[in-house]
Amino acid sequence: QLRLVESGGDLVQPGGSLRLSCAVSGFTKDYYAMSWFRQAPGREREGITCFSTYDGDPFYAASVRGRFTISRDNAKNTVYLQMNSLKPEDTALYYCAADVNPPFNKCVLSTREYDYWGQGTQVTVSS
């Protein structure tokens, strides 16, 4: 059974940095997609970045491009989200998600595509 566990959320000041981790277990497929989503109170869940193991090229939503970086450590079975230049509007519950059958082996930032989700980790950006 695939399991995702996020960690690393915290309270951080505007302009600060934070790194989130997503520990992945129970996964045996070679090709899959991993993504980070976030959800602020009263708003829909937003996909912010993803990659497919088929080509490895990350995709970023415009709201985080140039500030956030997705990466993975295969030896540790962990996916990371490095967040820099944080803004108050980045405040949200952050989720990692896995798509075991990505369309055309590409990642997409649609909640409907993802089969497995973590429980979320809270990021609050405030002075």
Query raised in the report: How long is the gap from CG on L4 to CD on Q119, to the nearest 0.5 Å?
Result: 9.0 Å
Query raised in the report: Would you find more than 12 non-hydrogen atoms of other residues, nucleotides or ligands less than 6.0 Å from R65 atom CZ?
Result: yes
Requested in this report: Would you give the length of the straight line joining atom CE of M34 to atom CZ of F51, rounded to the nearest 0.5 angstrom?
Outcome: 6.0 Å
Requested in this report: Return yes if some donor-acceptor pair links the side-chain N/O of T69 with the main-chain N/O of Q82 below 3.5 Å, else return no.
Outcome: no
Report summary line: Taking every heavy atom of G120 against every heavy atom of E6, the minimum-distance pair comes out as N-OE1, 2.9 Å
Query - D99 vs Y116 side-chain heavy atoms within contact, under 4.5 Å - result: no
Requested in this report: Check whether any side-chain heavy atom of V108 lies under 4.5 Å from a side-chain heavy atom of P102, and answer yes or no.
Outcome: no
**Report entry** Beyond-backbone contact of C107 with Y54, side-chain heavy atoms, under 4.5 angstrom
**Finding:** no
Report summary line: Residues S17 and V12: closest non-hydrogen pair is O-CG2, 3.9 Å
Report summary line: When rounded to the nearest 0.5 Å, the distance separating SG of C50 from CG of L109 is 4.0 Å
Requested in this report: Drop me the distance from L86's CG to S126's OG, to the nearest 0.5 angstrom.
Outcome: 12.0 Å
**Report entry** Same apolar cluster (I L V M F W Y, side chains within < 4.5 Å links), L20/L93
**Finding:** no
Requested in this report: Side-chain contact test, heavy atoms from C-beta onward, threshold under 4.5 Å: evaluate it for V79 versus C96 and give yes or no.
Outcome: no
Query - Heavy-atom closest contact (L2 atom, A98 atom, distance) - result: CD2-CB, 3.7 Å
Query raised in the report: For atom CD of E44, is the number of surrounding heavy atoms from other residues, nucleotides or ligands below 6.0 Å larger than 12?
Result: no
**Report entry** Pairwise side-chain contact, L18 with V125, heavy-atom cut-off 4.5 Å (strictly under)
**Finding:** no
Requested in this report: Assign the ring pair F68 / Y94 to parallel, tilted or perpendicular, where the plane angle (0 to 90°) is split at 30° and 60°.
Outcome: tilted
Query - Nearest-0.5 Å distance, CD1 of residue I70 to OG of residue S35 - result: 6.5 Å
Query raised in the report: Is there a donor-acceptor contact under 3.5 Å from the side chain of S52 to the main chain of N105?
Result: yes
**Report entry** Y80 OH: over 12 foreign heavy atoms closer than 6.0 Å
**Finding:** yes
**Report entry** Aromatic F37 / basic R45 pairing, under 6.0 angstrom, 45° off normal
**Finding:** no
Requested in this report: State, with a plain yes or no, whether a side-chain heavy atom of Y95 is found less than 4.5 Å away from one of T121.
Outcome: no
Query raised in the report: Of the non-hydrogen atoms in N101 and D115, which two are nearest, and what is the gap between them?
Result: N-OD2, 4.3 Å
Query raised in the report: What are the two closest non-hydrogen atoms of Q122 and A92, and how far apart are they?
Result: NE2-O, 3.4 Å
Query raised in the report: How many angstroms lie between atom CG of L81 and atom CH2 of W36, to the nearest 0.5 angstrom?
Result: 6.0 Å
Requested in this report: Before giving the answer on salt bridge (Lys or Arg N to Asp or Glu O under 4.0 Å), spell out for D90 and R38 the whole-Å C-alpha distance, their side-chain angles and the decisive distance to 0.1 Å.
Outcome: CA-CA 9 Å; D90 293 319; R38 66 185 181 185; 2.8 Å; yes
Query raised in the report: Can you find a heavy atom in the side chain of V123 that is under 4.5 Å from one in the side chain of D10?
Result: no
Query raised in the report: Looking only at heavy atoms, what is the nearest atom pair of A23 and T78, with distance?
Result: CA-OG1, 4.2 Å
